[in-house]
Amino acid sequence: MAMAAMASPSSMTMIPARHHGAAPSLATSGDSSVRRLRAQPRHGRRGRGTSVSTVASRRRPFVFTPRAVSDSKSSQTCLDPDASTSVLGIILGGGAGTRLYPLTKKRAKPAVPLGANYRLIDIPVSNCLNSNISKIYVLTQFNSASLNRHLSRAYGSNIGGYKNEGFVEVLAAQQSPDNPNWFQGTADAVRQYLWLFEEHNVMEFLILAGDHLYRMDYEKFIQAHRETDADITVAALPMDEKRATAFGLMKIDEEGRIIEFAEKPKGDQLKAMMVDTTILGLDDVRAKEMPYIASMGIYVFSKDVMLQLLREQFPGANDFGSEVIPGATSIGKRVQAYLYDGYWEDIGTIEAFYNANLGITKKPVPDFSFYDRSAPIYTQPRHLPPSKVLDADVTDSVIGEGCVIKNCKIHHSVVGLRSCISEGAIIEDTLLMGADYYETEADKKLLAEKGGIPIGIGKNSHIRRAIIDKNARIGDNVKIINVDNVQEAARETDGYFIKGGIVTVIKDALLPSGTVI
């Protein structure tokens, strides 16, 4: 049994300082087979920032490997100027999240709970903070109340230090004299707030998604962008043929420059998108297994290029991935690919969300680990008591903070904070999100007198392959085991949905004692 560890942002000041004066590592050990590229300086380019442009103009070319493996500890970055002063992080909150419904019924997609203690938005924000990027905006327009509340509690008061230079701020879609519309897409969302972003004296904008699960050092990403003298750098994930048909693919030349895009290609079009991924740092064996590269939806834009593309060259473009970046390639902008060869999951569907959560229970090594002290995942400090486990049989599971688990059986499950599980319950292959608050003994007594059901899992209930959203009230002897193996069902009035065979109980739902699903 693993207990989920929470890194409070009050510990953010304890992140080890980066040694920016150290010489950059040109490659990790054992990389003799990796092809090295020499960045060629291009003349006549105007500075990207204001006061920082003079520093940028003195860059000298040197050999490098445009590579990022999430667990590579040996390589160092040497950003000049420092990322904390020269990079602005912009996290896109995403659309309505219809594929994640009903988890997005009462919250924005980035606010969906994750891994017992966290929320999805904690992933990109923590990656930014661990990469020394402390100026962060989050753009959102759907159900943003819980997202705003979480960000303000988790990061609102202790990012900037005494100089107050750091921040995590939510920017909601709003009407203005220039634009009366909602955000129409990723590029349009950034365009509507360009007036604010351009006020920051930075060199690059880092564009991130709020619904991905991964751990990445953005400083290496930005360093590769500067070393290649790129206008735009796109994070790329190596793919095998089976997965490649579900993604937007990119083709690169021998310098790692993107020359062609194809959205979810098949057949001959797919074969035409094969690339030599050793160019980006994969070894020969892995390159044969992974001959395609897919866009991760993570980008670095040079500031002046972003302003130019969104205002002048593509003023009507709504999306980065399908319009702005292919368009930038077509007009001759230098668009580079940057390899990320680590765990990455797009949490876009119920099935992907379920698998990503249960992946943290995997033995001996989880798909994604929250136990990395060099790059912790931060969240809201809730000051909850330790979880209490009384005569329970718990195997291959992760238990969040403040739970009360009585004489029950839990196997291969994730149990969220403040969960209450009663005697005789059986929880298998399930994600319990927990609760937002505790009910007092007086509350429970009053409920019992009225025949009500307290928050949590009732006695002798059996739950298998399900997601139980927060504050759900599951009565005694309830069976959520999908007895008829239904793949799709919308029973919102009954308090649940079934998608891909996974039963999802809606937030605040009540399932009376004896219910069978």
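Predicted model only: the values in this text are computed from it and were never measured.
- Remark: T233 pairs with H225 by the side chain to side chain donor-acceptor pair (under 3.5 Å) rule, at least two apart or across chains.
- At least one side-chain heavy atom of R418 sits less than 4.5 Å from a side-chain heavy atom of L384.
- Within the structure, every pair that satisfies the side chain to side chain donor-acceptor pair (under 3.5 Å) test and touches residues 344-360, not counting sequence neighbours, is listed here: H212-W344.
- Listed by chain and number, the residues in a ring-ring contact (aromatic ring centres under 6.0 Å, His included) with F314 amount to none (sequence neighbours excluded).
- Between Y193 and F197, the angle of the ring planes lies from 30° to 60°, which puts this pair in the tilted group.
- Residues in residues 108-125 take part in these salt bridge (charged side-chain N to carboxylate O under 4.0 Å, His left out) pairs, two or more places apart or across chains: K109-D211.
- For E263, there are no side chain to side chain donor-acceptor pair (under 3.5 Å) partners two or more places apart in sequence or in a different chain.
- Ring-centre distance between Y378 and Y118: not below the 6.0 Å cut-off.
- Ring-centre distance between F370 and F368: below the 6.0 Å cut-off.
- Rounded to the nearest 0.5 angstrom, M274 CE and M239 CE are separated by 15.0 Å.
- In terms of the side chain to side chain contact (heavy atoms under 4.5 Å, CB included) criterion, residue partners of T361 (sequence neighbours excluded) are, by chain and number, V398, H412, V414.
- For R311, the side chain to side chain donor-acceptor pair (under 3.5 Å) partners are E198, not counting sequence neighbours.
- F497 and Y101 have perpendicular rings, their planes meeting at more than 60° on a 0 to 90° scale where under 30° would count as parallel.
- By the side chain to side chain contact (heavy atoms under 4.5 Å, CB included) test, E199 pairs with W195, L196, sequence neighbours left out.
- Residues that satisfy the side chain to side chain contact (heavy atoms under 4.5 Å, CB included) test with K106, not counting sequence neighbours, are K507, D508.
- With sequence neighbours left out, S126 forms a side chain to side chain donor-acceptor pair (under 3.5 Å) with no residue at all.
- The side-chain tip of R215 does not point at the ring of Y343 from less than 6.0 angstrom away and within 45° of straight on.
- Ion pairing between D469 and K105 fails under the 4.0 Å rule for side-chain N and carboxylate O.
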Give every donor-acceptor pair under 3.5 Å between a side-chain atom in residues 242-250 and any protein atom, sequence neighbours left out.
none

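- For the pair L310/F320, a side-chain contact is recorded, criterion being any heavy-atom separation below 4.5 Å from C-beta on.
- Between the side chains of S302 and D231, not a single donor N or O lies within less than 3.5 Å of an accepting N or O.
- Exactly one residue among L88, V87, L129, L206 makes a side chain to side chain contact (heavy atoms under 4.5 Å, CB included) with I136. That residue is L129.
- Rounded to the nearest 0.5 Å, atoms CG (D240) and OH (Y292) are 9.5 Å apart.
- Not counting sequence neighbours, the partners of Q313 by the side chain to side chain contact (heavy atoms under 4.5 Å, CB included) test are Q308, L309, I331, K333.
- The line from CG of L194 to CD1 of I90 is 8.0 Å long, rounded to the nearest 0.5 Å.
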